[in-house]
**Q** 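Dumping the structure here so I can ask a few things about it.
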Amino acid sequence: MLQYQALNEYRAMNYARKLRNMFMSNAQLDCSEIGDGNLNLVFRITDKSSGKSIILKQALPYARVVGESWPLTLERARIESQAYIIQQSICPGLVPIIYHYDSAMALTVMEDLSNHLNMRKGLVPRERYPHFACHIGTFLARTLYLTSDFAWPSQVKKEKVVQFSNPEMCKISENLIFTDPYFNSETNQFNPLLADKVVEIWENNQLKLEVAKLKEGSLTHAQALIHGDLHTGSIMVTKEDTKVIDPEFAFYGPIGFDIGAVIGNLLLSFASHEGHTPDSQERIEYQAYLLTMIEQIWTYFEKEFRDLWEKESKERMAVIPGYVDHYLLQMFEDTAGYAGCKMIRRIIGLSHVWDMESISDPSLRAKAEKLALSIGQKLVLERRQVHRINDITSRVRQIAGWGED
Ligand SMILES: Nc1ncnc2c1ncn2[C@@H]1O[C@H](COP(=O)(O)OP(=O)(O)O)[C@@H](O)[C@H]1O
Ligand SMILES: CSC[C@H]1O[C@H](OP(=O)(O)O)[C@H](O)[C@@H]1O
């Protein structure tokens, strides 16, 4: 078996040439490294003669963005490829096709989605995605329901919990989402114009208590095989199509963690437009569009989840009247809480988002970031008072000064 070796463009091309059933022997291959994430290498290999292309994603034994001083398990490549395969079987068409996984090289070969755009990049110039709410609502409901105790026999589900035990990657999230932003931690990076707001958060024991409870949920509540990092940078889109990528943080965790990631990141986009286009009708229209999208996502999710519960449940107790409503309500509270945590971490902690970073004027950026912090805190603190998706969006409108309560 081949020993692990980090690829460069030349080696990636040679690797691709040797893959069975991928390229013809006379292929004219070209390769470029296109990764823009924090952790891994992503190579695009194209055959100039046929136009065929593939993606090779390889884990490095350290975090790409920091370097060798932050060693990181190669196991994440196994988790990613196995999570992709389950998602593919549950949601065909909503993830890239996986062609090959090489455990020694910590490498996955997959469908090239270069005709798609990373969604986070599309949200900055106010692009609209008419099918996104339906696609992601479906993805969430199907991946989360169909890997839960309701769909798999409990012994099978418990084996999956072991298969997707992902301690090193979970530890990153535990630190970066739920811990470091709430202390004066070395990893934090924030706009100096936010210093007063950040200190207020560090001193807010009520907020920190609620974040501690949400952290405990992510440590212990093994409801479903969650994506684990479902931000808008983990979604590739066209006007017609949606593909979810990058499930290397997958583990058995709370369902609301994934739904909260999607909603929290759309709300980060909402807040960012306060800084991109401070005084314009287009800005308000786009922000309103994002709130409608969030409402539609939950609506699609809930409908599909209830359908699956009714038609696919293997758990006998699922038929007990009131159980599905109870389950969805608890999941909804979690969703609000995790959305809030994900917003706060991207403003105070390590690893910021392009939505905000692309605002070049620091004071305009601070305005947008403060709005994100306010929304995030409200979602964490008031998650038990929100029962319907409009309870979230109306709070956002009110914080943004749109005159609702
Ligand atoms: N299947 C794919 N097709 C085309 N581009 C991809 C594909 N997978 C990843 N990419 C590109 O590489 C970038 C980083 O990929 P990602 O899986 O998020 O890496 P990381 O794990 O380092 O965050 C994505 O933002 C996207 O631009
Ligand atoms: C140094 S890890 C920080 C951050 O990076 C991951 O994101 P991505 O893989 O999409 O680049 C994840 O969100 C981690 O929390």
Side-chain angles (χ1 to χ4, degrees), residues 12 31-46 52-60 62-74 76-77 79-81 83-84 87-88 94-100 106-123 166 168-181 186-189 218 226-238 241-251 257-258 260-262 264-265 268 338 341-346 348-354 357:
C31 176
S32 49
E33 205 279 322
I34 58 165
D36 60 3
N38 286 317
L39 301 179
N40 303 295
L41 298 172
V42 180
F43 298 95
R44 179 170 191 247
I45 291 137
T46 313
K52 181 174 178 173
S53 57
I54 55 169
I55 295 290
L56 256 66
K57 177 170 174 180
Q58 186 183 38
L60 289 163
Y62 51 85
R64 171 191 175 133
V65 73
V66 179
E68 292 182 35
S69 63
W70 186 341
L72 208 51
T73 178
L74 294 176
R76 67 189 194 271
I79 295 275
E80 173 155 334
S81 70
Y84 262 140
Q87 291 164 352
Q88 170 75 44
L94 291 175
V95 294
I97 298 166
I98 301 304
Y99 300 128
H100 178 65
L107 179 156
T108 303
V109 183
M110 67 183 106
E111 179 184 6
D112 179 17
L113 304 172
S114 296
N115 55 343
H116 292 58
L117 180 66
N118 188 302
M119 186 174 187
R120 202 185 284 293
K121 292 274 167 66
L123 296 175
N166 198 356
E168 271 195 52
M169 304 308 279
C170 286
K171 185 68 184 151
I172 293 177
S173 299
E174 289 151 23
N175 289 344
L176 295 186
I177 301 174
F178 299 110
T179 314
D180 295 357
E186 272 185 18
T187 50
N188 288 340
Q189 292 169 347
S218 93
I226 66 173
H227 177 285
D229 195 26
L230 193 41
H231 55 84
T232 45
S234 295
I235 301 170
M236 308 277 291
V237 281
T238 66
D241 193 34
T242 304
K243 301 264 196 251
V244 174
I245 62 166
D246 198 16
E248 71 194 312
F249 284 82
F251 72 109
F257 192 94
D258 272 2
V262 174
N265 278 272
L268 280 167
Y338 289 122
C341 291
K342 276 150 194 275
M343 296 182 76
I344 296 168
R345 64 87 46 126
R346 295 291 182 186
I348 300 180
L350 185 73
S351 183
H352 283 212
V353 291
W354 179 246
E357 296 310 288

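When reading the values below, keep in mind they use all heavy atoms of this one structure, side chains included, and skip hydrogens, waters and symmetry mates. Keep in mind that this is a model prediction, so the values were computed, not measured. Start at 1 and go down the list; that is how both ligands and their atoms are numbered.
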**Q** Grab the two heavy atoms, one from L113 and one from M236, that are nearest each other, plus how far apart they are.
**A**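 Looking at all heavy atoms of both residues, the shortest contact is O-CE, 3.7 Å.
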
**Q** How far is atom 18 (O) of ligand 1 from its nearest protein heavy atom, and which residue and atom is that?
**A**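 Looking only at protein heavy atoms, the one closest to atom 18 (O) of ligand 1 is D246 OD2, 3.1 Å.
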
**Q** How far is atom 8 (N) of ligand 1 from its nearest protein heavy atom, and which residue and atom name does that atom have?
**A**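 For atom 8 (N) of ligand 1, the nearest protein heavy atom is I245 CD1, 4.1 Å.
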
**Q** Has D180 got a side-chain atom pairing as donor or acceptor with L176's backbone, closer than 3.5 angstrom?
**A**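 No; judged by distance alone, with no hydrogens or angles, the pair does not exist.
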
**Q** Any nitrogen or oxygen of S234, side chain or backbone, less than 3.5 Å from one on ligand 2?
**A**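 No, since none of the N or O atoms of S234 sits under 3.5 Å from an N or O of ligand 2.
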
**Q** State the atoms of ligand 1, each with its element, that fall below the 4.0 Å cut-off from a heavy-atom position in I55.
**A**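 Ligand 1 atoms under the 4.0 Å threshold to I55: 1 (N), 2 (C), 3 (N), 4 (C).
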
**Q** Please tell me if the side chains of L60 and L72 come closer than 4.5 Å, counting only heavy atoms from C-beta onward.
**A**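 L60 vs L72: side chains apart.
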
**Q** Ignoring hydrogens and geometry, is there a side-chain-to-backbone donor-acceptor pair from D258 to G228 under 3.5 Å?
**A**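 Pair found, side chain donor or acceptor close to backbone of G228.
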
**Q** Under 3.5 Å, side chain of H352 to main-chain N/O of Q189, donor-acceptor pair present?
**A**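 Yes, the answer is positive, given that a donor and an acceptor are paired below the 3.5 Å cut-off.
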
**Q** Would H116 count as a contact residue for ligand 1, given that I'm defining contact as a non-hydrogen atom of the residue lying under 4.0 Å from a ligand atom?
**A**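 No.
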
**Q** Report the part of N40 (side chain from C-beta onward, or backbone N, CA, C, O) that has a heavy atom under 4.0 Å from ligand 1; answer both or neither where that applies.
**A**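 Both backbone and side chain.
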
**Q** Between P96 and ligand 1, is there a nitrogen or oxygen pair with a distance under 3.5 Å?
**A**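 Looking only at distances, the answer is no, because the N/O contact criterion of under 3.5 Å is not met.
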
**Q** So between V42, I34, V95, whose heavy atom ends up nearest atom 5 (N) of ligand 1?
**A**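 Nearest option to atom 5 (N) of ligand 1, by heavy atoms: I34.
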
**Q** With only distance considered, is W70 within less than 3.5 Å of ligand 2 through an N or O on each side?
**A**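 In fact, backbone or side chain, W70 has no N or O that close.
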
**Q** State the atoms of ligand 1, each with its element, that fall below the 4.0 Å cut-off from a heavy-atom position in K57.
**A**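 So the atoms of ligand 1 that pass are 16 (P), 17 (O), 19 (O), 20 (P), 21 (O).
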
**Q** Among protein heavy atoms, which lies nearest atom 14 (C) of ligand 1, and at what distance?
**A**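 Here the closest protein heavy atom is D36 OD1, 3.3 Å.
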
**Q** Would you check if the side chain of R346 reaches a backbone N or O of G264 as a donor-acceptor pair within less than 3.5 Å?
**A**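 Checking the backbone N and O of G264 against the side chain of R346, no donor-acceptor pair under 3.5 Å is found.
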
**Q** Give the atom numbers and elements of ligand 2 that come within less than 4.0 Å of a heavy atom of R345.
**A**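 Per the distance check, 4 (C), 13 (O), 14 (C), 15 (O).
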
**Q** Within the structure, is a non-hydrogen atom of R346 found at a distance of less than 4.0 Å from ligand 2?
**A**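 R346: in contact with ligand 2 (<4.0 Å).
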
**Q** Taking C-beta and beyond as the side chain, do I54 and I45 meet within less than 4.5 Å on heavy atoms?
**A**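 With C-beta onward as the side chain, the pair touches.
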
**Q** Please report whether ligand 1 has a polar contact with S114, defined as an N or O pair separated by less than 3.5 Å (distance criterion only).
**A**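 Among all N and O atoms of S114, none is under 3.5 Å from an N or O of ligand 1.
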
**Q** Just jot down the ligand 2 atoms closer than 4.0 angstrom to any heavy atom of E248, in number order.
**A**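 Checking each atom against E248, I get 9 (O).
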
**Q** Among all protein heavy atoms, pick out the one at the shortest distance from atom 4 (C) of ligand 1; state its residue, atom name and that distance to 0.1 Å.
**A**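 The closest heavy atom on the protein side is L113 N, 3.3 Å.
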
**Q** Determine whether L39 and R76 make a side-chain contact, defined as any pair of heavy atoms from C-beta on separated by less than 4.5 Å.
**A**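 Heavy-atom side-chain distance check passes, below 4.5 Å.
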
**Q** Quick test: of every protein heavy atom, which one is nearest to atom 4 (C) of ligand 2, and how far off is it to 0.1 Å?
**A**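 Going atom by atom, the protein heavy atom closest to atom 4 (C) of ligand 2 ends up being N38 ND2, 3.4 Å.
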
**Q** In terms of atom number and element, which parts of ligand 2 are under 4.0 angstrom from non-hydrogen atoms of L176?
**A**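 Numbered from 1, ligand 2 contributes 3 (C), 15 (O).
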
**Q** Would you mind running through ligand 2 and noting each atom that sits below 4.0 Å from a heavy atom of D246?
**A**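 That gives atoms 8 (P), 9 (O), 10 (O) of ligand 2.
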
**Q** Checking contacts here: is it the side chain or the backbone of S351 that comes within 4.0 Å of ligand 2, counting heavy atoms only? Could be both or neither.
**A**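 For S351, the contact with ligand 2 is made by the side chain alone.
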
**Q** Tell me if a side-chain donor or acceptor on R345 pairs with a main-chain N or O of T179 at a distance below 3.5 Å.
**A**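 Side chain of R345 to backbone of T179, a donor-acceptor pair under 3.5 Å: no, none is there.
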
**Q** Give the numbers and elements of all ligand 2 atoms closer than 4.0 Å to a heavy atom of G37.
**A**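 Under 4.0 Å from G37, ligand 2 has these atoms: 11 (O).
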
**Q** List ligand 1 atoms under 4.0 Å from M110, heavy atoms only on the residue side.
**A**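 Taking each heavy atom of M110 in turn, ligand 1 has 1 (N) under 4.0 Å.
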
**Q** Can you name the atoms of ligand 1, numbered from 1 with element, that are less than 4.0 Å from a heavy atom of D112?
**A**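 It comes down to these atoms of ligand 1: 3 (N), 4 (C).
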
**Q** Using 30° and 60° as the class limits, which term best fits the ring planes of F178 and Y338: parallel, tilted or perpendicular?
**A**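 If you compare the ring of F178 with that of Y338, the planes turn out perpendicular.
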
**Q** Tell me the contacting part of M236 for ligand 1: side chain, backbone, both, or neither, using a 4.0 Å heavy-atom threshold, strictly below.
**A**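 Looking at M236 and ligand 1, just side chain atoms fall under 4.0 Å.
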
**Q** Donor-acceptor pair, distance only, cut-off 3.5 Å: does the side chain of N38 make one with the backbone of V65?
**A**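 A pair under 3.5 Å: no.
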
**Q** I need the nearest protein heavy-atom contact for atom 2 (S) of ligand 2: residue, atom name and distance, please.
**A**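 Of the protein heavy atoms, L39 CD2, 3.8 Å lies nearest.
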
**Q** So if I count the atoms of ligand 1 from 1 in the order they appear, which ones are less than 4.0 Å from some heavy atom of L39?
**A**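 Selected atoms, number and element: 22 (O).
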
**Q** Could you report the tightest heavy-atom contact between Q87 and V95, atom names first, then the distance?
**A**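 Closest pair (atom of Q87, atom of V95, distance): OE1-CG1, 3.6 Å.
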
**Q** For the backbone of I97 and the side chain of E111, can you confirm whether one donor and one acceptor N or O come within less than 3.5 Å of each other?
**A**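 Between the backbone of I97 and the side chain of E111 there is a qualifying donor-acceptor contact (under 3.5 Å).
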
**Q** Report yes if the side chains of F249 and I79 come closer than 4.5 Å at any heavy-atom pair, otherwise no.
**A**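 No. Closest side-chain heavy atoms not under 4.5 Å.
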
**Q** For N40 and E248, what are the C-alpha separation, side-chain angles and deciding distance, and is it a side-chain hydrogen bond (donor to acceptor under 3.5 Å, both in side chains)?
**A** CA-CA 10 Å; N40 303 295; E248 71 194 312; 2.9 Å; yes

**Q** Would you call K57 and D246 a side-chain contact if the rule is heavy atoms closer than 4.5 Å?
**A**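 K57 reaches D246 side chain to side chain.
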
**Q** For atom 10 (O) of ligand 2, what's the nearest protein heavy atom and its distance?
**A**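 I find the closest protein heavy atom is H231 NE2, 2.8 Å.
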
**Q** Starting from atom 7 (O) of ligand 2, what is the nearest protein heavy atom, named by residue and atom, and what distance separates them?
**A**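 Ranked first by proximity to atom 7 (O) of ligand 2 is D229 OD2, 3.3 Å.
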
**Q** Does an N or O anywhere in E80 fall below 3.5 Å from an N or O of ligand 1?
**A**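 E80 vs ligand 1: no N/O contact under 3.5 Å.
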
**Q** What are the atoms of ligand 1, with element, lying closer than 4.0 Å to any heavy atom of E111?
**A**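 In order of number, 1 (N), 2 (C), 3 (N).
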
**Q** Identify the heavy atoms of D112 and N115 that sit nearest to each other, and give their distance.
**A**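 Distance-wise, the nearest heavy atoms are O-OD1, 4.4 Å.
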
